Each structure stands twice: as C-alpha cells, then as structure tokens.
Amino acid sequence: MLARDFLRTRFPDLPHLLRNRTYDAGALARWGELDAERRRLLTSVEALKAERNTLSAEVGRKKKAKEDATAEMERAKVLGGEVAAGEKRIEEIEGEFFAIEQTLPNVPDESVPDGEDEKGNVVLKSWGEPTRFPFAPKPHWELGPDLGILDFERAAKVTGSRFTVLSGEASLLSRALIAFMLDLHTRENGYREVLPPFIVNAASLFGTGQLPKFEADLFRLKDTDWYLAPTAEVPVTNLHRDEVLREEQLPISYCAYTPCFRAEAGAAGKDTRGLIRQHQFDKVELVKFTTAEGSAEAHERLTRDAETVLERLGLPYRRVVLCRGDMGFSSAKTYDLEVWLPGQDAYREISSCSNFGAFQARRAAIRVKRTAEGKSRNEFVHTLNGSGLAVGRTLVAILENGQREDGSVAIPEALRPYCGGLAEIRKG
RNA sequence: GGAGGAGUGGCCGAGUGGUUUAAGGCGGCGGUCUUGAAAACCGUUGGGCCGCGAGGCCCCGGGGGUUCGAAUCCCUCCUCCUCCGCCA
C-alpha cells in the first residue's frame, strides 16, 4: 500500500506517477473525496467523545461524593448516540476507502524505464555466450523423457496437467541444486536459512500483496483461510509482520527453500510443455529487510547473489530491468534474470528480484525503531526478494545447455559434489 | 479429538465497573556524583490516528455486546501452557 500521507500530498501527481500501471482512475478520484469526508467526520466525532469522556468522569466523581449525577448521565447518553451514528458512518467510509487503497499499485522507482509491456524492458547486461551446438539441440521435454528422468504422462495421471514427476538423476539433481544454492547463499552471501510453513494464511498474503487482488492465482484449502504458498516470499517476509525491529538488526537477509504452488489461472495455452510453468515447483528464495536508504544497494546485491548461482553453474544469462508496465503490483523496481535455453532458442526468466520499498512493509506493519538527534520514531522497513533460483527452471537450463549429440547431459562441475560426483546423465 | 488453565507495555508483574493520563520492578536512554567505571540518586522510556497548533481520540490477544463509564462483566474467535488420547 501507498502511504496515506503520500496519496494526500501528491494527489494531483498520482496519474503521472502511476502511468502505465494498472489501476482504476475513478476509484482514485473517489479516494480523494472520501479522505476529506473521513477527516471531517473524525474530527467532529472525536470532539463528541472528548465531551462524553469528561461527563463520565464527572459522573464518577459525583457518585463517589454521593451526589446526584442524573443530568450528566442523560446528557452523556445523548452524546453516546451521536457518537455511535458518526462512527457507523466513518466505518462505512473506511471500508470503501481502504478497499481503494488496497488496489493501488506501487509507484515505480525513478530509474524504471517507461513502457507498456515486456517489449519496454531493457537488457542491462549479458553473461556468457548463448550455447550453440553443431547439431539441433532438443528441448528438455524431449531430453528428459528420453533419458527416463522426467515423466509428464504419469504426473498427469497422478494429478493433472502442469505437474511433473522427477525420477532418478533429475530428482537427485533437483535436491543437489537446492543444497548447492542454500550453501552458497548461507556460507558466502550472508543469508540465514529458514524453512518456513508451506501453507500461509490470508493475512500473510495480504501483507505481501497477493490478496485481495490476486486470489485467482492461488490454491486455497477448502473452508479455511489457508492457502498453499505461491512463493517463499510470503511466509518469509511475514516472519516480521506486526513487529518493530531494532535498527541494529538491519539489514536482515534470509534464504529459504520451499515448494511453490500456483493456480496459473489465465495462463491457458502458455508454456504447456515441459517444466517451465507448473502448478508446483521448487524455489530457493532470497528475502531482505533494510532501511529506506539501504534498499537500492541491497537490491543490487541481492540480484548479484542470484546471478552468482548462474555463473557458478556456467549458465549463460542476461539481466533485464522491467519497464513500468511489466512490473508486478507491489514492486518499485524489478530485475529479471533470464537464462539461455538452447532447446527453445531463447532467454527465459529464471529469477525475478524486486525492491518493494515500503509498500509491503506498510501492508504487513513491519517497522524499525530509529533514533536520530535523541528522538526515536518508527519507520517502515523496505523489503526485497528474489529467486535464487527457481530450481525447476535451473534443471531445465542444465539439461538443455549441457546436452550432447548422443542425448547425454554433462553436469556442471560446481554441482558434482552435491550429487555424489555425478558428471553426466546417460540413458541407462 | 477430550478436559482444564492462561493471554496486560521491550521483559516480569499489579489491577475484577468510576482520579488508571495502566501501580511496581527489571532492562534501555539522559543526568547528578566520580580521574574513569560501578553503586546510589533524579528524570525519562509503548503503538496508531486526527489537527497549522493548542490539543484530542483509539489500543490491555482479535472481533462483537452490556453501560453514562469496561483491562475489569457477557458472547465469540485466535494463540499458548498442562493432562489424557492419537500420531511422525
């Protein structure tokens, strides 16, 4: 959410600040009217309450002194009725007011390029050369089944489409990738590993911005307010929901492996083959909490930490900054890392690293107590997260980039200690 | 799943209808004293909202109710603890 103060003081600039983002302009105009009415009412109701409180105290004094307090009690009762009426109206306004605030997207950072959709994204750097082969490379959805390590058909039988069974070396590799990534981030990049719940409640999903707007993308457990986590961002960011952190605790860096569950509503016909777009996938997530001044640098570092995984594995990639129109709802700035997939002759997203500014912290009430010039005040922290990396897509990249003409696949050196020295996968 | 018990400020803890603007202690911060520190003493120390300001309003796990007035009474939900059962 955006700060009320910000919405109020920058109200005329908002259409410009939110250009190319999706929001309801009519609702925004309505916000302005409601804000004025709400403040007017609040002031008058509070004055009534102050008077009632004074009268009640007077009643107490008189009763203690055995004096008659009938007149005060009657007057207070009348005031009480007026207060109740005013509060009811405020509640109605507050409901509509808050509903609008929830749906307004974050304001992009000034460094974010203009643009309406993915065509407006800008490639900032490339690492490695796209892998070329003297033969026609296969996509992983052919390599995997040929090697007997990816089974799409049986997964469809067991559950349905967009699920996959990993077996043998694929399963081993997936497990090795998780351990490799967590080790790298905890030992070299300074993250604390956490293993959070994979099921989260509605309040947590509101905190990170998935609810209320994006319920259709989630799997909800029947008759509960519990949902399968769509990303570790949700449980890990909400670790500190409703907390006031001490300044010396910041920055906090967590990494977490979790499976992720997404309904993929609206993705019909997109990436229907292979592991790219699944209802269930594994991911190692990086999450940071910083001060307002520290978040831009933390964003660069977090993105570098994700890039390091790709570099250690020798996978060619590029970094893209998303334009205003292609960014997620809660984000102030997002870098996508795209890995080269020779089987598709394209770069595909394998990590998305975002700085949310105070947007999530405001929704989740994550604050930090800061002291300056002897005065202390609570500020909202800045939150960041990024994939480090999506495990399934990393497996895809290893298979497609490591493939040989005979259908075998070479395993990156860095991963071998994590899979019993396995150097290649062969049909067997 | 069954039966009990408990949720008060950073922490401990008092408070069962009316000077509670939540006692007291610990911890934190500032000060006095000291060469310095400790001790002692004094002061200060929760969150949010409205208002230009003076100031006001709300918050004692969440929500609702009773009352002129609720931390305190009632309803409901949540969490934690103890015992039993079951289970990995």
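A, B, ... follow the sequence lines: proteins, then strands. Residue 1 opens every chain. What you are looking at is a predicted structure, and each value in this text was computed from that prediction instead of being measured.
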Rounded to whole Å, how long is the line connecting atom [atom1] of [X] with atom [atom2] of [N]?
X        : N     : atom1 : atom2 : answer
A:Asp35  : B:C49 : CG    : P     : 13 Å
A:Asp242 : B:G46 : CG    : C1'   : 15 Å
A:Gln249 : B:G10 : CD    : P     : 14 Å
A:Met73  : B:G69 : CE    : P     : 9 Å
A:Asn378 : B:C49 : CG    : P     : 10 Å
A:Ile93  : B:C49 : CD1   : C1'   : 15 Å
A:Ile90  : B:G56 : CD1   : C1'   : 14 Å
A:Phe97  : B:C50 : CZ    : P     : 8 Å

If we take the [atom1] atom in both [N] and [M], what is their distance in whole Å?
N     : M     : atom1 : value
B:U72 : B:U34 : C1'   : 49 Å
B:U16 : B:C73 : P     : 9 Å
B:G17 : B:G65 : C1'   : 16 Å
B:G61 : B:G10 : P     : 13 Å
B:C29 : B:G46 : C1'   : 15 Å
B:C12 : B:C57 : P     : 30 Å
B:G5  : B:C11 : P     : 26 Å
B:G9  : B:U20 : C1'   : 14 Å

Answer with yes or no after comparing the ring centroid distance for A:Phe214 and A:Phe329 against a 6.0 Å cut-off, counting only values under it.
->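 Yes; A:Phe329 has its ring centre under 6.0 Å from that of A:Phe214.
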Closest to side chain of [X], choosing from [options]:
X        : options             : value
A:Ala50  : B:C57, B:C50, B:G47 : B:C57
A:Lys49  : B:C58, B:C49, B:G18 : B:C58
A:Arg367 : B:G18, B:G48, B:C50 : B:G48
A:Arg52  : B:G48, B:C58, B:C50 : B:C58
A:Leu42  : B:G47, B:G51, B:C49 : B:C49

May I ask you to say what [X] touches in the nucleic acid, namely base, sugar-phosphate or nothing, with a heavy-atom cut-off under 4.0 Å?
X       : value
A:Lys77 : sugar-phosphate
A:Arg8  : sugar-phosphate
A:Arg61 : nothing
A:Lys62 : nothing

Watson-Crick or G-U wobble partner for [N], using a 3.5 Å limit on both distances?
N     : result
B:A40 : B:U32
B:G1  : B:C84
B:C57 : B:G48
B:U79 : B:A6

Fit a plane to each ring of A:Trp31 and A:Phe11, take the angle between them on a 0 to 90° scale, and name the class: parallel (under 30°), tilted (30 to 60°) or perpendicular (over 60°).
->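 Answer is parallel, since the angle falls under 30°.
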Measure up the A:Tyr254 and A:His240 rings against each other and bin them: parallel (under 30°), tilted (30 to 60°), perpendicular (over 60°).
->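 The arrangement is parallel - the two ring planes meet at less than 30°.
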Decide, yes or no, whether a salt bridge links [X] with [Y] under the criterion of side-chain N to carboxylate O below 4.0 Å.
X        : Y        : result
A:Arg220 : A:Glu215 : yes
A:Glu74  : A:Lys77  : no
A:Arg40  : A:Glu46  : no
A:Arg8   : A:Asp35  : yes

Do the side-chain N or O atoms of [X] get closer than 4.0 angstrom to the phosphate oxygens (OP1, OP2) of [N]?
X        : N     : value
A:Asn53  : B:G56 : no
A:Lys369 : B:U45 : no
A:Arg39  : B:G51 : yes

Between A:Gly60 and A:Thr43, which is nearer to the 5' end of RNA chain B once each is assigned its nearest nucleotide?
->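 On the 5' side of the pair lies A:Gly60.
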Most 5' of A:Ala47 and A:Val244 on RNA chain B, judged by nearest nucleotide |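 Nearer the 5' end of the strand: A:Val244.
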Is it possible for you to check whether A:Arg312 lies under 6.0 Å from the centre of the six-membered ring of A:Phe180, through NZ or CZ, and within 45° of that ring's axis?
->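 No, A:Arg312 does not sit over the ring of A:Phe180.
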